[in-house]
Amino acid sequence: MHVFKKARRNFSLNLSVSRSDNKADGEQNTRIRNYADATEDLLKRDSLIHVLTTRDNVSSNFSGSLSYVEPISALSVIEFSGSISRRNNSSISLQDTVDAKGRVYSVPAFSSIYDFNVTDSRGTLNYRYNGSKVTFSIGAAAVPFNISGTKLNAAAGTNAETSLSNFRVIPSFRFGYSWSRTERLTINYTGRNQEPNFTQIQPFTDISDPNNVVIGNPNLKPTFTHSINAQYNNYLANSKFNFSLGITANQVENSITQNTVERAIPIYIDADPKKFVPVY
């Protein structure tokens, strides 16, 4: 951070780099036994769920931000801030199944392999006024966004590419009025953009997790939330009583939900690795 000779003028710059590599092995070993009763004409065979999972997730993040404040009068300033971040995520999840005799077989249809990049930027210009009774600020933020990458379509055995770009200008406003040091009213408006994640925009049905099959939609639009908040506070010193009233209203555009369906897991039985039964 740099402080200039002129009062209230300042400049700051921040840079950061991070990287993580997480590895994990998992195992699910379940035996299912079926018993005859009066409701079943045909006895179902016992089955075995024995799945081995190997995961390797690597992520890196490069980000930077800067801000500049310029006073234009004794009570007001103009603020500029900008930020940019680029995140890379690479993940490999491989599944094997083990039959009743302990033999291990690869299950490529349930593998999950992806690599994607997210570039998130923001530039904000804001005017702020601080008077004895009235305070307010008004401004806007320009928010470009891009996400792109590839993910294995396990059902087809090929990599599928997908990307999403979006640009939005988000206004902001804040007003405050003080009747005294103990009585104050504030009104605030903000907007928030929430982009879909990489899994949500994949252009195919992802069966890598049999219990959570995800149907992607590459045409998703970001969710945008309008928020208005009003707050009134009055502290009565003589009565030692504080009165507070708050009102919040939100409006959501293009709310994103995720479609999931249950899926059977193919499990090998007996000694024949070509035979499997679906278990729900």
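Note that the structure is a prediction, hence the values are computed from the model and not measured.
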Return yes when atom CZ of R184 has more than 12 non-hydrogen atoms of other residues, nucleotides or ligands closer than 6.0 Å, and no otherwise.
yes
How far does CG of D96 sit from OH of Y105, to the nearest 0.5 angstrom?
12.0 Å
Taking the six-membered ring for Trp, are F175 and Y177 parallel (under 30°), tilted (30 to 60°) or perpendicular (over 60°)?
parallel
Okay, side chain of K133, backbone of W179: is any donor-acceptor separation there less than 3.5 Å?
yes
Mind checking ring pair (Phe, Tyr, Trp, His ring centres under 6.0 Å) for Y235 and listing every partner two or more places apart, or none if nothing turns up?
none
When you measure from the side chain of T223 to the backbone of N254, do you find a donor-acceptor pair of N or O atoms at a distance under 3.5 Å?
yes
Between I147 and F198, is a side chain to side chain contact (heavy atoms under 4.5 Å, CB included) present by the stated rule, with each step listed?
CA-CA 7 Å; I147 180 172; F198 186 68; 3.8 Å; yes
Has S90 got a side-chain atom pairing as donor or acceptor with F116's backbone, closer than 3.5 angstrom?
no
Can you confirm whether R168 is buried at CZ, in the sense that more than 12 heavy atoms of other residues, nucleotides or ligands lie under 6.0 Å from that atom?
yes
Quick check on the 6.0 Å ring-centre criterion: do Y129 and F136 meet it?
yes
Is the backbone of P203 close enough, under 3.5 Å, to the side chain of T162 for a donor and an acceptor to pair up by distance?
no
Any idea how F224 and H226 line up, ring-wise: parallel (<30°), tilted (30 to 60°), or perpendicular (>60°)?
perpendicular
